[in-house]
Amino acid sequence: MMEEMILKQRTAYECVTAKDGLDAISRAVVEAPDLSWMDVVMPRMNGFEACKRMRLESALRIPPSSW
């Protein structure tokens with residue numbers, strides 16, 4: 001994937017990919033990413049539904065910052 005190659009060459013970020021929305025949720029629980037970037041059109045579960053489900057996943061919730 002071109003995006004992954006560019007990230008590796010130009011930044012210190014690690015790119016984790018998934019084959020579909022369900023796989024994205026599973027990987028996000030394991031990897032605990034700082035940022036998720038998803039395609040809307042994916043097999044088994046689209047990006048919108050995957051994002052909704054990720055928001056409900058307790059392992060992915062970030063506690064609110066206090067000022």
For R27 and T17, indicate whether the former's side chain and the latter's backbone hold a donor-acceptor pair under 3.5 Å. yes

Closest contact, heavy atoms only, N46 versus V40: CB-O, 3.0 Å

Can you measure from OG (S26) to CE (M54) and round to the nearest 0.5 angstrom? 10.0 Å

Looking only at non-hydrogen atoms, find the nearest pair between A18 and D23 and report the distance. CA-OD2, 3.3 Å

Start with the C-alpha distance between E49 and R53, add both sets of side-chain angles, then the distance that settles salt bridge (Lys or Arg N to Asp or Glu O under 4.0 Å), and finish with yes or no. CA-CA 6 Å; E49 186 61 32; R53 291 200 188 176; 3.1 Å; yes

For the student: nearest non-hydrogen atoms of P33 and L60, plus distance: CD-CD2, 4.4 Å

Salt bridge (charged side-chain N to carboxylate O under 4.0 Å, His left out) partners of K8, counting only residues at least two apart: E4

Can you give me the closest heavy-atom contact between V29 and A59, atom names plus distance? CG1-CB, 4.2 Å

If I compare all heavy atoms of M38 with all of A50, which pair ends up nearest, and what's the gap? SD-CB, 3.7 Å

Report the distance from atom CD1 of I25 to atom CG of D20, rounding to the nearest 0.5 Å. 9.0 Å

